[in-house]
Amino acid sequence: MEKFIVKGKTALSGRVKISGSKNSAVAILPAAVLTANTVQIDNLPDITDVRTMISILENLGVNIRRRGVDAVDLTPGSLSKVAPAYDLVKKMRASYYFMGSLLARFGQAEVPIPGGCDLGPRPIDQHLKGFSALGAKINIEHGMITLTAEKLTGARIYLDVVSIGATVNLMLAAAAAEGKTVLENVAKEPEIVDLANFLNAMGASIRGAGTDVIRIEGVKKFNSARHTVIPDRIEAGTFMLAAASTGGAVTVEDVIPKHLEAITAKLRETGAKVILAPETIRVEADTPLSPSDLKTFPYPGFPTDLQPPAMVLLTAAKGLSVVTENVFDGRFNHVDELKRMGAHIKVEGRTALIEGGYPLTGAPVTAPDLRSGAALIIAALAAEGDSEISAVDHVDRGYDHFEGKLISLGASINRVHDKGFENRAGNLD
Ligand code: EPU
C-alpha cells in the first residue's frame with residue numbers, strides 16, 4: 001500500500017483537466033463483448049479500475065490493442081470463456097456487468113457473487129429479478145452466480161429501488177433479447193445515457209436513457225463502433241469542492257456543467273462563487289463559508305459519491321450543517337478520520353451533524369475507500385500542519401493521477417510506499 005504526506009494550509013489555484021468517467025468506463029468496457037467486431041473507446045481514465053477491467057477482458061480472450069493511456073481497441077471475436085477470472089473479478093464490483101453482457105452474447109455467464117464493501121450492504125436482487133424476467137435461469141452456488149438462457153425474451157421490469165448497477169445489467173441483457181423490453185424506475189445518471197449511446201452506436205435500439213423509463217427493442221447483431229467516454233462528473237465535483245475547501249480558485253476543464261448542477265447549487269449556497277462556461281467551471285472561495293444542509297439522492301440529486309468531500313467543505317463553514325445519506329446505509333467511514341483531524345461531527349443513523357468552523361489540524365489518517373480517501377486528502381490540504389494519509393491505493397482506483405493534478409494546482413504531496421499496509425485487502429467501490 002502507498003501513503004501520501006500532505007502539507008496543509010494550501011489554497012489550490014489554477015486549471016485542471018478532467019478525465020473520462022470511471023463509472024461510464026467500467027460499464028462500457030464489459031458492454032463491448034456484445035459484438036465480435038472491433039470497438040474503439042477513447043477518453044478512458046488512467047485508473048486502476050479501468051486497468052483491471054481491461055485485464056478481465058484480456059483474460060476472457062478479447063483481443064486488446066492499446067492506443068495510449070486513454071484509448072483502447074477491443075476485438076471480442078476471439079472471446080473464448082464465459083467465466084471471468086475470480087482473482088480479477090474480486091478486485092472490483094463493476095465486474096458483475098459481465099453477467100449482463102456475457103448473457104447477451106452467449107446466453108451464459110458465470111460470475112462470482114460480488115463481495116461486501118465498506119459502504120454497507122449492497123444487494124443485487126434487482127439485477128437477478130430482471131434477468132429472470134428476461135428468461136434467464138439463475139443458479140447461485142459455491143459463491144458463483146450462473147446464468148443461462150436458451151433465449152432471452154423482452155419483458156416489462158419495474159425496479160423496486162433506483163439502481164445504477166441493475167439498470168446497466170438489464171440494458172445489456174435486454175439489448176440482445178427478442179422483442180421489446182420496458183425498464184421502469186431506472187437510474188437516470190449521465191453514465192446510463194453514455195452506455196446507451198455506446199450500445200446504440202453498436203447497433204442496439206435503446207430509447208429513453210436519462211429518464212425513468214428505458215425502452216429497448218432487442219437486436220440480433222452488434223457491430224463495430226467508436227465511442228468517447230463522457231467527462232467524470234465526480235472527479236470534477238471533487239476538484240470543485242477541493243477548491244472551495246482550501247479557500248482557492250480552480251477552473252475544471254472539459255466538463256459538462258449540466259451534469260454538475262447539484263454540486264454547483266450546493267457550493268453557491270455555502271457562499272462560494274461558481275462561474276459556468278460551456279465546458280469549464282470556475283470555483284472561487286475567498287470569503288467565509290456559510291453552513292448548508294445536504295441530502296444525497298440518485299441523479300439529478302446530490303451524488304452520494306461527493307458526500308464525503310462535501311462534508312470536508314462543511315467543516316469549514318461556521319455553524320451547523322446536516323448531511324443526510326439516503327443512498328447507502330454506511331457511507332460515513334470518513335467521519336472518524338475527520339474527527340481525528342479536529343472536525344466536530346456527530347453521526348445519528350443516516351444523518352451527520354457537522355458543527356463547522358473549528359480549524360482542522362494535520363494528523364495520520366487512513367483512507368477507508370475511494371471517495372473517503374479523496375475527502376481526507378482535501379481535509380489535509382485545508383488543515384493546519386502536515387498529514388499522512390495511508391491506503392491511498394483506494395484513491396488510485398478511481399482518480400486519474402489525483403496527486404499529480406493537485407500538485408499542478410499548488411499542493412505539496414509526496415507519495416511513499418507504506419510497508420505497514422502490505423496485507424490490507426482491496427475494497428470494492
Ligand atoms: N440496491 C438494492 N438492490 C439492487 C441494487 C441496488 O437494494 O439489486 C440498492 C443499494 O444497496 C443502494 C442503492 O440501491 O442502497 C443504489 O445502489 P446502485 O445499484 O445504484 O449502486 P451501484 O450501481 O452499486 C454505483 C456506482 C457507485 C455509486 C452508486 C450510487 C458504479 C460502478 N458504481 O454503484 O460508485 O456510489 O452507484 O450512485 O457505477 C464510486 O464511484 O465511488 C462508487 C461507489
Side-chain angles (χ1 to χ4, degrees), residues 1-7 12 16-29 43-58 66 68-72 87-95 115 117-119 191 229 231-239 241-242 252 305-306 308-309 312 331 333-334 337 364-381 387-409 411-429:
M1 282 271 168
E2 315 242 291
K3 70 178 172 191
F4 284 168
I5 318 272
V6 180
K7 187 164 159 285
L12 297 177
V16 62
K17 188 181 162 335
I18 298 306
S19 301
S21 159
K22 166 179 92 81
N23 289 345
S24 266
V26 299
I28 284 168
L29 289 166
N43 202 32
L44 286 168
D46 185 15
I47 55 174
T48 319
D49 273 7
V50 162
R51 284 192 284 276
T52 303
M53 203 45 108
I54 291 175
S55 300
I56 296 175
L57 287 161
E58 198 161 27
R66 274 283 193 180
V69 284
D70 67 345
V72 72
D87 279 357
L88 294 168
V89 164
K90 71 176 185 196
K91 292 188 182 174
M92 59 182 301
R93 202 178 154 77
S95 52
C117 80
D118 292 347
L119 308 184
E191 295 76 22
V229 175
D232 195 315
R233 64 195 166 94
I234 305 298
E235 186 198 12
T238 304
F239 278 101
L241 288 162
V252 289
D305 293 344
L306 288 178
V312 176
R331 201 166 202 178
N333 294 325
H334 42 293
E337 299 301 276
V365 289
T366 301
D369 60 59
L370 168 61
R371 307 301 174 187
S372 299
L376 292 175
I377 294 166
I378 296 170
L381 290 166
S387 297
E388 274 190 25
I389 299 144
S390 304
V392 292
D393 306 56
H394 290 309
V395 176
D396 296 336
R397 294 193 42 209
Y399 286 93
D400 186 343
H401 293 89
F402 196 46
E403 89 260 37
K405 291 186 182 186
L406 288 169
I407 289 167
S408 77
L409 297 172
S412 164
I413 303 178
N414 280 315
R415 178 185 285 261
V416 290
H417 192 61
D418 188 359
K419 286 210 172 97
F421 275 86
E422 239 23 306
N423 295 322
R424 209 185 133 101
N427 115 321
L428 300 150
D429 301 303

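The analysis underlying the following values was restricted to heavy atoms, covering all of them including side chains, and did not include hydrogens, waters or symmetry mates.
Residues meeting the side chain to side chain contact (heavy atoms under 4.5 Å, CB included) test with Ser387, sequence neighbours left out: Met341, Ala380. Qualifying ring pair (Phe, Tyr, Trp, His ring centres under 6.0 Å) partners for Phe402, counting only residues two or more places apart in sequence or in other chains: Phe239, Tyr399. Scanning for salt bridge (charged side-chain N to carboxylate O under 4.0 Å, His left out) contacts around Asp393 gives an empty result, with sequence neighbours left out. Here Ala94 pairs with Val26, Met53, Met92, Tyr97 under the side chain to side chain contact (heavy atoms under 4.5 Å, CB included) rule; sequence neighbours left out. In terms of the side chain to side chain contact (heavy atoms under 4.5 Å, CB included) criterion, residue partners of Val416 (sequence neighbours excluded) are, by chain and number, Lys3, Ile5. Residues satisfying the side-chain hydrogen bond (donor to acceptor under 3.5 Å, both in side chains) test with Ser19, not counting sequence neighbours, are Asp400, Lys405. Evaluation of the side chain to side chain contact (heavy atoms under 4.5 Å, CB included) rule for Asp70 yields no partner, not counting sequence neighbours. Residues passing the salt bridge (charged side-chain N to carboxylate O under 4.0 Å, His left out) test with Lys7: none are found, sequence neighbours excluded. Residues satisfying the side-chain hydrogen bond (donor to acceptor under 3.5 Å, both in side chains) test with Glu191, not counting sequence neighbours, are Arg233. In this structure, the side-chain hydrogen bond (donor to acceptor under 3.5 Å, both in side chains) partners of Asp46, at least two apart in sequence or on a different chain, are Arg51. Residues forming a side-chain hydrogen bond (donor to acceptor under 3.5 Å, both in side chains) with Asp232 (at least two apart in sequence, or on another chain): none.
With rounding to the nearest 0.5 Å, the separation of CG in Asp49 from CG in Leu44 is 12.0 Å. Put simply, CG on Asp418 and CD1 on Ile389 are 12.0 Å apart, with the number rounded to the nearest 0.5 Å. In this structure, Ile413 CD1 and Leu381 CG are separated by 5.0 Å, a value rounded to the nearest 0.5 Å. From Ser372, atom OG reaches atom CG of Asn333 across 5.0 Å, with rounding to the nearest 0.5 Å. In this structure, CG on Asp369 lies 7.0 Å from NE2 on His394, to the nearest 0.5 angstrom. In this structure, Glu235 CD and Lys22 NZ are separated by 12.0 Å, a value rounded to the nearest 0.5 Å.
What you find for Ala25 and Val229 is that their closest heavy atoms are N-CG1, 4.3 Å. Nearest heavy-atom pair across Val50 and Leu29 is CG1-CD1, 4.1 Å. When all heavy atoms of Ile56 and Ser95 are compared, the pair lying nearest together is CD1-CB, 3.7 Å. Taking every heavy atom of both residues into account, Ile378 and Val312 meet most closely at CG2-CG1, 4.0 Å. Considering every non-hydrogen atom in both Gly373 and Ala367, the closest pair reads CA-CB, 3.6 Å. Residue Val395 comes nearest to Ala374 through the heavy atom pair CG2-N, 3.9 Å, listed as atom of the first residue, atom of the second, then distance.
A salt bridge links Asp305 with Arg331: the closest approach of a Lys/Arg side-chain nitrogen to an acidic carboxylate oxygen falls below 4.0 angstrom.
Annotation: side chain of Ile54 is in contact with side chain of Arg66 (closest heavy-atom distance under 4.5 Å).
Looking only at distances, a side-chain donor or acceptor of Thr48 sits under 3.5 Å from a matching main-chain atom of Asp396.
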- Stepwise side-chain contact (heavy atoms from CB on, under 4.5 Å) test for Arg371 and Ile234: CA-CA 9 Å; Arg371 307 301 174 187; Ile234 305 298; 3.3 Å; yes
